[in-house]
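Below: one structure, written as structure tokens.
Lettering of chains follows the sequences in order, A, B, ..., and the numbering in each one begins at 1. Only a predicted model underlies this, so the values are computations on that prediction, with no experimental measurement involved.
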There are 2 protein chains.
Amino acid sequence: MSTKQFGKTKAGTRVTMHDVAARAGVSQMTVSRVMRDAGAISPEVRKKVVKAAAEIGYVHNRLAGGMRTTTTPLVGVVVPTLQNRVFTEVLTGISDALATQGIRPVFGVSEYSLEAEEALVLDFLSWRPRGLVLAGLEHTDTVRQMIAAADIRVSEVMDMDGDPIMASFGVSQAEAGRDMARHMLDRGYRRIAYAASQGGRDKRAGKRFEAFAAVIRDAGGQIVDDITAEDPSSLVLGRQLTGTLLARSCPDAIYFSNDDLAGGGLMHCLAEGISVPKDVALAGFNGLSFLEALPQRITTTATPRYEIGRDAALFVADPSRPAPDGGRQDFGTRLIVGNTT
Amino acid sequence: MSTKQFGKTKAGTRVTMHDVAARAGVSQMTVSRVMRDAGAISPEVRKKVVKAAAEIGYVHNRLAGGMRTTTTPLVGVVVPTLQNRVFTEVLTGISDALATQGIRPVFGVSEYSLEAEEALVLDFLSWRPRGLVLAGLEHTDTVRQMIAAADIRVSEVMDMDGDPIMASFGVSQAEAGRDMARHMLDRGYRRIAYAASQGGRDKRAGKRFEAFAAVIRDAGGQIVDDITAEDPSSLVLGRQLTGTLLARSCPDAIYFSNDDLAGGGLMHCLAEGISVPKDVALAGFNGLSFLEALPQRITTTATPRYEIGRDAALFVADPSRPAPDGGRQDFGTRLIVGNTT
DNA sequence: GTGAAAGCGCTAACAG
DNA sequence: CTGTTAGCGCTTTCAC
């Protein structure tokens, strides 16, 4: 019927469960049970209710429901940025997993600022969410207190090197850095430069590099240069940084904080006729799929971003799901040796 | 104080405005006014209330508030995918704009399915949101009815070729296609192939190509081949599709449905020693920044994605903001002529 | 500038 | 399997 209404009657008054109940000839409570798939409802009654609801365009009001139950099928998600594929892939995993549980993500971008994260968390809590998904293990004390008091589930994604609030899902950044360092040493590189972005606000990249540098130095190699741009990662930035590093410190290898930068490095070398890895070796981090399309395969570390997001979301969405052992689920990394090292 | 609590007392009972009011020595109503920055409050009273709230870790409950006002500072956002930079950039614009208005995005991914979009919209409405942001102009009838009945603001982003529900923000896909067609004709290309992804579910790309093809044919050129992969866009896919097209129909130019595919095309040519644009010309769509880092500048059409998301979000967030003239805000496109055509 | 009363629409708990 | 009762915590409205 073309006069179907959703959420309010023609007169502007809201359609409530009462209206549905009246039309279906049942009590309002029965409508509530049908809407939530709760309790046991006879098939005929259910059908009547569903029909009546559709006819008058009833839309379930979760505000009222959440008010009674003091929780909602919402999960707050804070990501540092949407400009980086890594986080959009994690977010896709989160979104997909939550969708299977009938839970909706409310999200915010922190721009790598813990203060911004704190403001977002406070805001999210005002919705009485089922839980939160945060990036990394670094948070303000206030965030920790708020979470403890709110008594909700929290997943921390991407980082494993530290103590989780409740459950962390990710990879050991330090381990990944050490693996790459050993690989570079194996290949004979000793004068290594490092290139990063985001003004060092990406703590995970920082941990990775520190562990990397320690192994290099222990083996007698040296970090001959180290550049961190303020801008977010991009191929263009990687190209610029590479030009700078090569010009000022002649490294025999460059370790980039991620694949975007490394890809830009390769583009620089391609454009300048610099032979890789003969003149300089290049390595990235993440194992993004775009690398497969480049003229040379860049050595990198693969991380299972979708799976991390998915499992982190399932932990907060489903209260019956146990926390991983020791509060940490390590997805592990895999060194992908290309032909740039 | 280290026993600060957020959202509930030690005993597990919730902290409410009453508790804050009692501690501050004012009425609960006054606390409500302070929390919402509403009405007129004397500075001293405000300070007392803020202090009391912080001390007992009070978290504003928007469920209760929204229940009374029958609307909430939430906006539902449906994007087709997060795998494509285009939508993450639109989403960034949306997220940034909403943040300035104190509004939170609740989001869902439709995977280019109108049915999935419908389910998401129905779910969003259960939160009594301020408004919705949807991608494109194609929606199910039910979605249109639900929106009409809910009496909320809706922005449609990315597409301008059709009638908006209320306000559309984007570019004319048809116009962009025609511009590119004229450019290719100018350059003398007549045997043109088209490569797309997502199994044709991206209606905007479809409109663009139809307009493109019409101009080409009118001028005596021909679309010699047309391939649409099921997979989402990526450099790797572009590389594959290009290999297929070149092998089976010898086009003198390939129009890709977006920059990822076009970039992959360039990679294929680079790897195979095919000279661009001498052997084959390549063109994409969107003007993504990664193109600037590639060895050759790919001809493409620039679209202001961040701005589209930002303005679309501001329209739904701020009821005082008028709809654009004719319900459409055309951000225009700009042909970027590189050296691949 | 501040307070009191009333009720938004739903669901937990219990009764039948 | 279905119905009744009693609020959840806030904001609207009106009074002072």
Side-chain angles (χ1 to χ4, degrees), chain A residues 6-9 12-50 52-53 56-74 125-128 130 150, chain B residues 6-9 12-50 52-53 56-74 125-129 150:
Chain A
F6 289 86
K8 54 162 55 176
T9 65
T13 44
R14 307 283 153 187
V15 176
T16 71
M17 281 187 178
H18 264 111
D19 304 319
V20 179
R23 189 174 185 104
V26 298
S27 78
Q28 184 250 54
M29 193 61 226
T30 298
V31 177
S32 173
R33 290 197 176 101
V34 171
M35 296 306 294
R36 288 176 294 133
D37 274 314
I41 301 286
S42 73
E44 313 90 76
V45 171
R46 146 165 273 114
K47 208 153 73 181
K48 272 196 302 187
V49 169
V50 168
I56 61 178
Y58 173 72
V59 177
H60 194 186
N61 185 339
R62 289 191 212 269
L63 298 173
M67 197 166 157
R68 277 272 19 179
T69 57
T70 66
T71 186
T72 58
L74 290 175
L125 290 180
S126 74
W127 297 106
R128 303 298 186 259
R130 185 72 41 97
Chain B
F6 289 87
K8 55 160 55 177
T9 64
T13 43
R14 308 284 154 186
V15 176
T16 70
M17 281 188 177
H18 264 112
D19 304 318
V20 178
R23 190 175 183 103
V26 298
S27 77
Q28 182 253 56
M29 193 58 230
T30 300
V31 177
S32 172
R33 291 197 176 101
V34 171
M35 296 306 294
R36 288 175 294 132
D37 274 315
I41 301 285
S42 71
E44 312 91 75
V45 170
R46 147 166 271 117
K47 207 153 75 180
K48 271 197 303 187
V49 170
V50 168
I56 61 178
Y58 173 71
V59 177
H60 193 187
N61 185 338
R62 291 192 210 267
L63 298 173
M67 195 165 157
R68 277 269 21 177
T69 57
T70 66
T71 185
T72 58
L74 290 176
L125 290 180
S126 75
W127 296 106
R128 304 296 186 259

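Between S27(B) and T70(B), the one whose closest nucleotide on DNA chain C sits nearer the 5' end is S27(B).
Note: CG (L63(B)) to P (dT11(C)) measures 12 Å, nearest angstrom. In this structure, CD of Q28(B) is placed 10 Å from P of dA4(C), rounded to the nearest angstrom. Between M67(A) atom CE and dC8(C) atom C1' the separation is 8 Å, expressed in whole Å. As a whole-Å value, the separation of H18(B) NE2 from dA5(C) C1' is 11 Å. As a whole-Å value, the separation of D37(B) CG from dG1(C) C1' is 15 Å.
Legend: residues meeting side chain to side chain contact (heavy atoms under 4.5 Å, CB included) with M17(A), ordered by chain and number and at least two apart, are Q28(A), V31(A), S32(A), M35(A), Y58(A), H60(A). Taking the side-chain hydrogen bond (donor to acceptor under 3.5 Å, both in side chains) definition, one finds that R62(B) meets it with D123(A), S126(A), sequence neighbours left out. Applying the side chain to side chain contact (heavy atoms under 4.5 Å, CB included) criterion to S27(A), with sequence neighbours excluded, gives M29(A), T30(A). For R68(B), the side-chain hydrogen bond (donor to acceptor under 3.5 Å, both in side chains) test picks out no residue, with sequence neighbours left out. With sequence neighbours excluded, the residues that form a side chain to side chain contact (heavy atoms under 4.5 Å, CB included) with S42(A) are E44(A), V45(A).
Side-chain N/O atoms of H60(A) include one lying less than 4.0 angstrom from OP1 or OP2 on dT11(C). At the phosphate of dC10(C), neither OP1 nor OP2 sits under 4.0 Å from any side-chain N or O atom of S32(A).
Taking the 5' to 3' direction, DNA chain D first and last meets chain B under 4.0 angstrom from a heavy atom at dG9(D) to dT13(D).
Judged by distance alone, with hydrogens and angles left aside, the side-chain atoms of T72(B) form a donor-acceptor pair with the main-chain N or O of W127(B) at under 3.5 Å.
Contact check for T70(B) versus R128(B): no side-chain heavy atoms found under the 4.5 Å cut-off. The shortest distance between side-chain heavy atoms of V15(A) and V59(A) does not fall below 4.5 Å.
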Dump every N/O contact between nucleotides 12-15 of chain C and the protein below 3.5 Å, one line per pair.
{"from": "dA12(C)", "atom 1": "OP2", "to": "R36(A)", "atom 2": "NH1", "distance (Å)": "3.1"}

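Atom-to-atom distance recorded for N61(A):CG and M67(A):CE is 10.5 Å, nearest 0.5 angstrom.
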